[in-house]
Participant: 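There's a structure below that I have some questions on.
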Amino acid sequence: MRDDAVQDDELQADWRWANTDDWEPPSELDTEIAHPARMYDYYLGGKDNFPADRDAAERIIAAMPYARLSARINRQFLGNAVAFAAERGIRQFLDIGTGIPAVGSTSEVAHRVAPDARVVYVDNDPIVLTHARALLANHPAGYTTVLQADLREPAAILDHPALRAAIDLAQPVALMLVAVLHFVRDEEEAQQVVAHLRDALAPGSMLILSHGSQDFMAPETAEAGAGIYSKASAPLVLRDRAQIESFFDGFELVAPGLVQLPLWRTDEAMLPADWQSVPGYAGVAVKA
Ligand SMILES: C[S@@+](CC[C@H](N)C(=O)[O-])C[C@H]1O[C@@H](n2cnc3c(N)ncnc32)[C@H](O)[C@@H]1O
């Protein structure tokens with residue numbers, strides 16, 4: 001029997017729990033410190049956040065008024081890139097740094113194109129896991145799996161029995177690192193983590209990546225943003241274009257290459273007037 005099928009009762013319980021008004025956070029959740037997942041939820045207008053998250057997010061919005069727009073545009077990139085991968089035959093998605101499920105999630109988009117696609121969600125924030133598991137109640141067992149794990153420990157993710165039950169690493173996988181690597185320091189071996197994951201992937205696999213960058217903001221704005229996140233549960237590590245491009249080593253970028261986030265396969269005429277303020281890059285690449 002599949003691991004995720006075994007958890008069915010637990011998932012049903014999560015589903016009810018997530019839909020009641022007397023919602024209580026899981027006991028291991030630290031609500032006193034701002035968490036990137038819940039700050040991002042706040043930027044997107046969600047309600048799965050606490051006063052510490054809202055306070056930090058409001059301070060980010062004051063320093064970076066384009067924070068909400070950036071989150072929305074990042075979600076559009078995620079949806080476009082997942083559809084792109086699924087339309088090109090990818091049937092397995094490993095989405096690390098999933099975030100609290102929102103409209104246009106990886107599984108929603110992938111299953112629209114390919115109902116048989118397998119999606120594994122990985123996040124290190126327990127609140128994400130709770131909500132993502134609730135979503136599983138709507139999916140046939142086995143098509144969507146949720147793991148609590150840390151990107152900084154790639155071996156633990158790749159060796160996890162639930163991942164192995166859902167994903168065949170001998171077949172192509174879309175590895176998704178969307179707006180997550182800027183929470184991993186260089187000292188925590190961001191480059192090596194990506195290389196470790198890449199080496200485990202079969203030829204034809206894809207890397208779907210977006211990343212915040214100081215290239216589009218004044219140095220004092222970057223400093224203010226980093227200062228606010230330094231008191232949250234994860235730091236903000238903005239990187240320049242060359243540093244972000246090096247995450248694609250061993251992959252070949254597909255057109256249009258690594259571009260400013262709003263510009264990835266979008267019609268520029270459809271973008272909001274202030275799209276140029278979005279401070280990040282995005283790209284999709286294929287492993288040869
Ligand atoms: C800005 S959100 C991005 C969510 C989603 N990928 C998207 O682009 O819409 C970043 C997510 O990465 C998660 N995260 C941060 N550091 C992580 C780590 N070391 N391992 C796993 N997840 C992490 C956070 O909990 C959060 O859910």
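As the structure lists them, so they are numbered: ligands from 1, and atoms in each ligand from 1.
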Participant: When you look at CD of Gln192, are more than 12 heavy atoms from neighbouring residues, nucleotides or ligands closer to it than 6.0 Å?
Facilitator: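 Yes, the 6.0 Å shell around CD holds more than 12 heavy atoms from other groups.
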Participant: Please examine the side chains of Arg265 and Pro256, heavy atoms only from C-beta on, and report whether any two atoms are closer than 4.5 Å.
Facilitator: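 Yes; the side chains approach each other to less than 4.5 Å.
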Participant: What is the nearest protein non-hydrogen atom to atom 25 (O) of ligand 1, stated with its residue, atom name and distance?
Facilitator: Asp123 OD1, 2.6 Å
Participant: At a 4.0 Å threshold, what atoms of ligand 1 neighbour a non-hydrogen atom of Arg152?
Facilitator: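 Heavy-atom distances to Arg152 below 4.0 Å select 19 (N).
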Participant: Please classify the Ala234 to ligand 1 contact at 4.0 Å (heavy-atom distances, strictly less than): side chain, backbone, both or neither.
Facilitator: neither
Participant: Consider every N or O of Asp125 and every N or O of ligand 1, then say whether any pair is closer than 3.5 Å.
Facilitator: no
Participant: Hey, does the Lys NZ or Arg CZ of Arg88 hover above the aromatic six-ring of Phe84, less than 6.0 Å from the centre and inside 45° of the axis?
Facilitator: yes
Participant: Indicate, with yes or no, if the rings of Tyr281 and Phe77 have centres closer together than 6.0 Å.
Facilitator: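 Between Phe77 and Tyr281, which both carry aromatic rings, the centre distance is not below 6.0 Å.
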Participant: May I ask you to list the atoms of ligand 1 that are less than 4.0 angstrom from any heavy atom of Val178?
Facilitator: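 Numbered from 1, ligand 1 contributes 3 (C), 5 (C), 6 (N), 8 (O).
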Participant: For the 3.5 Å polar cut-off, considering only N or O atoms, please tell me whether His182 and ligand 1 meet it.
Facilitator: no
Participant: Donor-acceptor check, side chain of Thr266 to backbone of Trp264, threshold 3.5 angstrom: yes or no?
Facilitator: yes
Participant: Side chain, backbone, both or neither: which applies to Ala71 and ligand 1 if a contact is any heavy-atom pair less than 4.0 Å apart?
Facilitator: neither
Participant: Would you tell me whether Ser70 and Tyr43 have side-chain atoms, one donor and one acceptor, within less than 3.5 Å of each other?
Facilitator: no
Participant: Judging by distance only, is a nitrogen or oxygen of Gly97 under 3.5 angstrom from one on ligand 1?
Facilitator: yes
Participant: Given Leu177, Thr98, Val128, which one has a non-hydrogen atom that is nearest to atom 5 (C) of ligand 1?
Facilitator: Thr98
Participant: Name the closest protein heavy atom to atom 23 (C) of ligand 1, giving the residue it belongs to and the distance to 0.1 Å.
Facilitator: Asn124 OD1, 3.3 Å
Participant: Please state which protein non-hydrogen atom is closest to atom 20 (N) of ligand 1 and give its distance, to 0.1 Å?
Facilitator: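 Of the protein heavy atoms, Leu151 N, 2.9 Å lies nearest.
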Participant: Side chain, backbone, both or neither: which part of His35 has a heavy atom under 4.0 Å from ligand 1?
Facilitator: neither
Participant: Using a 4.0 Å cutoff against the non-hydrogen atoms of Asn74, which atoms of ligand 1 qualify?
Facilitator: 7 (C), 8 (O), 9 (O)
Participant: Take every heavy atom of Ala149, measure it against each atom of ligand 1, and state whether any distance is under 4.0 Å.
Facilitator: yes
Participant: Would you check, one step at a time, whether the test side-chain contact (heavy atoms from CB on, under 4.5 Å) holds for Thr145 with Ile167?
Facilitator: CA-CA 10 Å; Thr145 300; Ile167 282 188; over 6 Å; no
Participant: Are any of the N or O atoms of Asp95 closer than 3.5 Å to those of ligand 1?
Facilitator: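 Between Asp95 and ligand 1 (N or O atoms, distance only) the closest approach is not under 3.5 Å.
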Participant: Can you pull out the closest protein heavy atom to atom 7 (C) of ligand 1? Residue, atom name and distance to 0.1 Å, please.
Facilitator: Tyr40 OH, 3.4 Å
